Amino acid sequence: MPCQAPEERIRNFREVALGYTEEQAVLEAQRCLQCKKPKCRDGCPVEVLIPEFIQAVAERNFAEAAAQLKEKNALPAVCGRVCPQESQCESKCIIGIKSEPVAIGRLERFVADWEMAQEGQMAKEKCTSATSTVSPKGKKVAIIGAGPAGLTCAADMARLGYDVTVFEALHVAGGVLMYGIPEFRLPKAIVEKEINTLCQLGVNVQVNMVGGKTFTVEELQQKGYEAIFIGTGAGLPNFMGIPGENFCGVFAANEFLTRTNLMKGYDFPNALTPVRAGSKVAVLGAGNVAMDAARTALRLGAEEVSIVYRRSEKEMPARAEEIEHAHEEGVQFKVLTNPVEIVGDEQGWVKGMRCLRYELGEPDESGRRRPVAIDGSEFFMEVDTVIVAIGQGPNPLVTQSTPGLELNRKGTIYADEEGRTSLEGVFAGGDIVTGAATVILAMGAGKKAARAMDQYLQSK
Amino acid sequence: MYPIVKKVVLSSAVKEFEVRAPMVAEKAQAGHFFIMRANERGERIPLTIADYDREKGTITTIIQELGASSTLVGQMEEGDEILDFVGPLGVPSEIELFDGPTVLVGGGIGIAPIFPIARALKAAGNEVISIIGARNKDLLIWEEKMASVSDKLIVCTDDGSYGRQGFVTDALKDLYAERGKLAAVWAIGPMPMMRAIANVTRPWAVKTIVSMNPLMMDGTGMCGACRVQVGEETKFACVDGPEFDGHLVDFDLAIKRLAIYKDQEKRALAALEHKGGHCGCQ
Ligand SMILES: Cc1cc2nc3c(=O)[nH]c(=O)nc-3n(C[C@H](O)[C@H](O)[C@H](O)COP(=O)(O)OP(=O)(O)OC[C@H]3O[C@@H](n4cnc5c(N)ncnc54)[C@H](O)[C@@H]3O)c2cc1C
Ligand SMILES: Cc1cc2nc3c(=O)[nH]c(=O)nc-3n(C[C@H](O)[C@H](O)[C@H](O)COP(=O)(O)OP(=O)(O)OC[C@H]3O[C@@H](n4cnc5c(N)ncnc54)[C@H](O)[C@@H]3O)c2cc1C
Ligand code: SF4
Ligand code: FES
């Protein structure tokens, strides 16, 4: 797929991957064998009609392709950009056994972008309260958290005719899509456009509403919301628990990325929220969050950016494309390495990390080979900024304020396959149930919960 | 949008605002704060809820203009609308009936957030002694309000232009000498002042609560910017605080962490002043 050249793109926040041209898309679509029992679809958490939409692309019938795609996926422009296709649909594609699998993700993106372009200018106006349409079912439903899980659930419930209100803590809807994933990977205008579609469905989005603080689940019930979906995500940053973590210059990836994306720190001082990358940056972790932080630091002007990870490159959880792009942009990979202490100077600023080198031992419960520290391997790594990207836990504000809501061991909400929690009429899905996962899984959870909520409300 | 229903200029850099935000007012308690954003350009800035009126649905806060974002707010007028306003956030002050006098120490604009705590302690039946201080008479705020909820009010100014001359720490030491036993002390003001109070009360082993004001962004525990070192633990001021045990807080680190974006803040203020001016030079 055509991309901005690495030398060029590390100086801007514009999208890296440029997308297929029509010709490229049609050629790629024609490679699909149109399998009778499409394996690719088994690999898709929301069962997108993959061969069907690809067939339409091959026939240059893009409008039909879009219709097929949207049948199962409400956010194709987002998924086409951020889904880990190589471990989902594309990993199952039959052509992949002998050669490159069909580039399903890129085709998905192409179709979604084509459709958006037809609709002309992407609407940008913020939607806080939509013109309320009379809901045929006359029942009120509340969604807490406007990430992919909550938004998908809201869309489906609105389509089913419920009166839906989404309550979001931040000043914009979108969740991680707006505050975490950088502009150069997922343009915010695309997310805003998807959210506007929701408003057109009559969903009322209320921002600046913190569940557990501004309102509680119980109060929503008292106000007549007959079913409630909790999709508050995994927004609580983990730290390493090593000495020196609070020195100046040590940031959680969430702070760094939120300042840059949501608060537009790259446009400082036109936007007033500052962000600081420093010159020698170490990013701890190797998931999508770490890759995003590393590539963002480069774009903000850091001279040297390293990913520090205790396993090897093979075990990295990030999407293949992100790792590849990070390499191309000059991010250094310091693998089999882990810090044991962050060292600061007299001013309280980070000046480096004491690190150990690792080797890989036997596989652990996760199936990945366990990293083992090498005795006497300690060395000092000079850095002035450390960005911690080693995962997020569930946001506890709603769970703590909701008596009777059963939790899992790690503080995530207990919910069954359909999203039912231990409280009647209360459903949950996305990262708040699974722990940090993926956009498509969160959307899948929102969808399933909508179905269960509908059943519940019908039977009431 | 959240309209400003009243603005009082307390001094050139300190303004009192009353803002209509019924959802926040309904839930507000002593010790809570909120986060606001003046307009599309502004930062999300945390401010303490200094007073609230549930019937009118309003929140009162006092803001000191420091950098660009707080200056942007300070320039707003009655009738203007604030774009984003979210709260109440944080853990409310733990109000109980103490066995002995409770002392509320407010320094500078820290007097405003100490007011609702004093009022709540008084309502719970405590003896409330308040010590408020400012650099000079002109910078002293809310003296009457504090007097209305205190059994005894001690006013200090650094330069002696009003009340007794000296720091709030001196007044606290004298009070301890006089009373012998204090049940609890709340101190809110600039970090160096809170550190000084905590150092004064440490040898007395009097429970001392301070309200930390680290950099914040979301205020919901998501970004980790508001980390405060409290004893051996790392706490998030927005969800675990902002009040903490003053004897355990690492103030030195907290003060340094406030300056993380110092260079950028200067640039932002310069940019704001140029645009606000009429030179047109950008
Ligand atoms: C930097 C980064 C990069 C990523 N890259 C990818 C990728 O490339 N591909 C991929 O598939 N996945 C990626 N992920 C993971 C993916 O974004 C998440 O799995 C997904 O967003 C989870 O969706 P969600 O709806 O459960 O939660 P979220 O997206 O976290 O949304 C939760 C929403 O709830 C709001 N909220 C929280 N608490 C409250 C409250 N008390 N009251 C009201 N609202 C509240 C939050 O503000 C937020 O808007 C990435 C994550 C990050 C952080
Ligand atoms: C829980 C909480 C409650 C607060 N309550 C109030 C209040 O009631 N009234 C009020 O005026 N301010 C209050 N603050 C502080 C206020 O949020 C900051 O002064 C404001 O964010 C500064 O924004 P700025 O962009 O204008 O200044 P900046 O440009 O960010 O900073 C200017 C200068 O102020 C310092 N500074 C930055 N942030 C803070 C901070 N959070 N506290 C102290 N100094 C800071 C910087 O080091 C810098 O030197 C509170 C902060 C917190 C966390
Ligand atoms: S498995 Fe591959 S070849 Fe078969 S239908 Fe799916 S995309 Fe086409
Ligand atoms: S302000 Fe972001 S975690 Fe506290």
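From a predicted model like this one, the values you see are computed outputs, not experimental measurements. Throughout, protein chains are lettered first and strands after them, A, B, ... in sequence-line order, and every chain is numbered starting at 1.
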- Query: Quick one: of B/Thr234, B/Ile35, B/Asp218, who has the most non-hydrogen atom pairs under 4.5 Å with chain A?
  - Reply: B/Thr234

- Message: Given heavy-atom pairs under 4.5 angstrom as the criterion, report whether the side chain, backbone, both or neither of A/Phe239 touches chain B.
- Response: side chain

- When A/Ala271, A/Pro237, A/Gly393, A/Gly212 are compared by non-hydrogen pairs under 4.5 Å with chain B, the top option: A/Pro237

- Message: For the CD atom on A/Glu218, are there more than 12 heavy atoms of other groups (residues, nucleotides or ligands in this structure) within a distance under 6.0 Å?
- Response: no

- Counting only N and O atoms by type, is there a donor-acceptor contact under 3.5 Å from the side chain of B/Arg267 to the main-chain atoms of A/Pro269? no

- Query: Is chain A contacted by the side chain of B/Tyr2, its backbone, both, or neither, given a heavy-atom distance below 4.5 Å?
  - Reply: side chain

- Task: Drop me the distance from B/Thr220's OG1 to A/Lys213's NZ, to the nearest 0.5 angstrom.
- Result: 10.5 Å

- Is it the backbone or the side chain of B/Leu72 that comes under 4.5 Å from a heavy atom of chain A, or both, or neither? side chain

- Query: Given that the side chain runs from C-beta out, which part of B/Ile260 has a heavy atom under 4.5 Å from chain A: side chain, backbone, both or neither?
  - Reply: both

- Side-chain donor/acceptor of B/Gln264 to backbone N/O of A/Val275, under 3.5 Å: yes

- Task: Could you check which of A/Ala252, A/Cys248, A/Gly241, A/Gly348 has the highest count of heavy-atom pairs closer than 4.5 Å to chain B?
- Result: A/Cys248

- Query: Quick one: does B/Tyr261's side chain get under 4.5 Å of A/Thr273's, heavy atoms only?
  - Reply: no

- Where does B/Arg227 contact chain A at under 4.5 Å (heavy atoms): side chain, backbone, both or neither? side chain

- Query: What part of A/Gln392 lies closer than 4.5 angstrom to a heavy atom of chain B: side chain, backbone, both or neither?
  - Reply: neither

- How many angstroms lie between atom SG of B/Cys223 and atom CZ of A/Phe251, to the nearest 0.5 angstrom? 11.0 Å

- Note on the structure: Looking only at A/Thr214, A/Val210, A/Asn395, A/Val388, most heavy-atom pairs under 4.5 Å shared with chain B are made by A/Thr214

- Message: Report which part of B/Phe236 has an atom under 4.5 Å of a heavy atom belonging to chain A: side chain, backbone, both, or neither.
- Response: side chain

- chain A shares the most heavy-atom pairs under 4.5 Å, among B/Gly219, B/Ala259, B/Ala68, B/Pro88, with B/Pro88

- Message: side chain to side chain contact (heavy atoms under 4.5 Å, CB included), that's the test. Do B/Arg37 and A/Met263 meet it? Break it down for me.
- Response: CA-CA 11 Å; B/Arg37 201 166 69 117; A/Met263 304 311 293; 4.0 Å; yes

- So what's closer than 4.5 Å to chain B heavy atoms on A/Glu219: side chain, backbone, both or neither? side chain

- Message: Nearest 0.5 Å, please: how far is CG in A/Asn208 from CD1 in B/Ile82?
- Response: 11.5 Å

- Query: Charged N to carboxylate O below 4.0 Å: is that the case for B/Lys256 and A/Glu346?
  - Reply: no

- Under 4.5 Å heavy-atom distance to chain B, tell me which part of A/Leu397 shows up: side chain, backbone, both or neither. side chain

- Task: Would you mind telling me which of B/Glu26, B/Arg44, B/Gln229, B/Glu265 has the largest number of heavy-atom pairs within less than 4.5 Å of chain A?
- Result: B/Arg44

- Message: Is it the case that the side chain of A/Asn254 and the backbone of B/Met222 share a donor-acceptor pair, with hydrogens and angles ignored and the cut-off at 3.5 Å?
- Response: yes

